[in-house]
Structures are given as structure tokens and as C-alpha cells.
A.B. asks: 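Before we start, here is the structure in question, set down as C-alpha cells.
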Amino acid sequence: MNALKFQKNTISIIVLTAILIGAVFTGVANALNANAPVAFRTHLSNVRAYTPAPTTQSVSYAVDGGVLFAGGLQGWSEIK
């Protein structure tokens, strides 16, 4: 009886360890991808909505093809 209990405990520990290692690797992979390059465009072509900058020093916002961009005359960068 003790051997069966020991075997169940060992299998449980191995399964939980594998789940924990998988979760850690998934977190590391997501953290490494957090600094993905931001899309930059010089002009927008399919603008659905536009909000002008309230002052000359701030940025305008526009939705182009379902993606939010911030910028102005110098170019547009995607907001994630």
C-alpha cells in the first residue's frame, strides 16, 4: 500500500514540476517579445477616425486599418 502511495506522490510531483517549468518558459518567452518593434509610417492611407492635437507640441491620433497610431507631420507610430 505504501508503494502505491509513494508512486502516486512521485507522479504528482513530476507532473506539477513539468507544469511549473512550462509556465516559467512561457513567461520568459512573452517577456522577451515585449520589446517588439513598433510600426512606423510616414503617411496613413485608410484612416477611419482622427483626433487632432490640442496643442502644437502634442500628437494627433488616428485609426488606420483598425490600428491606433500617434504622430503628425513627421510620421506615425503604432500604439500597442
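Values in this document were obtained by computation on a predicted structure and should not be read as measured data.
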A.B. asks: Measure the CG-CD distance between Asn9 and Gln7 for me, rounded to the nearest 0.5 Å.
C.D. replies: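 Atom-to-atom, Asn9:CG and Gln7:CD are 10.5 Å apart.
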A.B. asks: Listing request: all side-chain hydrogen bond (donor to acceptor under 3.5 Å, both in side chains) pairs with a residue in residues 42-55, at least two apart in sequence or in separate chains.
C.D. replies: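 Sorted pair list: Tyr50-Ser60, Thr55-Ser58.
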A.B. asks: Establish whether Val47 and Trp76 are linked, either directly or via other cluster members, by ILVMFWY side-chain heavy-atom contacts under 4.5 Å.
C.D. replies: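 Same hydrophobic cluster.
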A.B. asks: If Ile, Leu, Val, Met, Phe, Trp and Tyr residues are connected whenever their side-chain heavy atoms lie under 4.5 Å apart, and connections chain through other members, are Val67 and Val63 in the same group?
C.D. replies: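 No, because Val67 and Val63 fall into different hydrophobic clusters, even though each may have its own neighbours under 4.5 Å.
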A.B. asks: Got more than 12 heavy atoms from elsewhere within 6.0 Å of CD, Gln74?
C.D. replies: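 Above 12, so yes.
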A.B. asks: Other members of the hydrophobic cluster containing Val15, with the 4.5 Å side-chain heavy-atom rule, please.
C.D. replies: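 In the cluster with Val15 are Ile11, Ile19.
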A.B. asks: Taking atom CG of Leu16 as the centre, report whether more than 12 heavy atoms of other residues, nucleotides or ligands fall under 6.0 Å from it.
C.D. replies: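 Yes, because the 6.0 Å sphere around CG of Leu16 holds more than 12 heavy atoms from other groups.
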A.B. asks: With hydrophobic residues grouped by side-chain heavy-atom distances under 4.5 Å, do Val59 and Leu44 end up in a single group?
C.D. replies: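 No, Val59 does not connect to Leu44 through the hydrophobic network.
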